[in-house]
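To keep things clear, I will list the structure first and then write my remarks on it.
Sequence positions, counted from 1, serve as the residue numbers for this chain.
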Amino acid sequence: IFELQHGHYRKVEIRKEYPMYIKVKFLKNGEPHGGEYTYKSTFPVRVGQEVLLPGGGNGVVTEINVPEESVAAFADKVKEIEDVVEESRQ
C-alpha cells in the first residue's frame with residue numbers, strides 16, 4: 001500500500017511542474033526568427049535551449065513557466081515539444 005501511495009504522491013508532485021507551457025521561436029539558419037509560439041513541455045527546459053518541435057523543426061526556448069491563464073483559450077490546441085537538442089561539445 002505504501003508503494004502505491006508513494007507512487008501516487010510522486011505523480012502529483014510531477015504534475016505540479018509538468019507539463020508547463022513555454023514560448024519558442026523557430027530557428028532559421030541557426031538564428032531565432034519570427035514571433036513566439038506556445039508549446040507544452042513535459043520535461044525541464046531552460047531559456048536559450050534548442051528544442052525539437054513537432055514536425056521536425058527546431059526552435060529556441062524564449063520563456064518558461066508561461067501562466068496557464070494566458071493560454072486557456074487555446075490550451076487544447078497547444079502542441080508538445082519532442083525533445084531537447086543536444087548541445088554541441090567544444
Check: How long is the gap from OG on Ser41 to CD on Glu82, to the nearest 0.5 Å?
Finding: 11.0 Å

Check: Just wondering, more than 12 heavy atoms not from Tyr21 lying within 6.0 Å of its OH?
Finding: yes

Note to self: Run the side-chain hydrogen bond (donor to acceptor under 3.5 Å, both in side chains) test against Lys23 and tell me which residues pass, sequence neighbours left out.
What the structure shows: Thr38

Checklist line | Linked, directly or transitively: Val61 and Met20 (ILVMFWY side chains, under 4.5 Å) | finding: yes

Margin query: Under 4.5 Å between side-chain heavy atoms, counting indirect links through other Ile/Leu/Val/Met/Phe/Trp/Tyr residues: same cluster for Val84 and Ile22 or not?
Written below: yes

Check: How far apart are the closest heavy atoms of Val60 and Pro32, and which atoms are they?
Finding: CG1-CG, 3.7 Å

Item checked: Verify same cluster id: Tyr39, Val51 (apolar side-chain graph, 4.5 Å) -> yes

Next item on the list: Evaluate side-chain contact (heavy atoms from CB on, under 4.5 Å) for Asn58 paired with Leu52, printing each intermediate quantity in order.
Entry: CA-CA 5 Å; Asn58 286 13; Leu52 181 63; 3.3 Å; yes

Notebook entry, point to check: Is there a path of hydrophobic side-chain contacts, each under 4.5 Å between heavy atoms of I, L, V, M, F, W or Y residues, that connects Ile64 with Phe43?
Noted result: yes

Next item on the list: Measure the CD-NZ distance between Glu68 and Lys40 for me, rounded to the nearest 0.5 Å.
Entry: 9.0 Å

Notebook entry, point to check: Would Val66 end up clustered with Leu53 when hydrophobic side chains under 4.5 Å apart are linked, directly or stepwise?
Noted result: no

Can you list, pair by pair, the side-chain donor-acceptor contacts under 3.5 Å of residues 70-81, counting residues two or more places apart and other chains?
residue, atom, partner, partner atom, Å
Ser70, OG, Pro67, O, 2.7
Glu80, OE2, Thr42, OG1, 3.3

Check: Has the side chain of Glu31 got a donor or acceptor atom that lies under 3.5 Å from a matching backbone atom of Lys28?
Finding: no

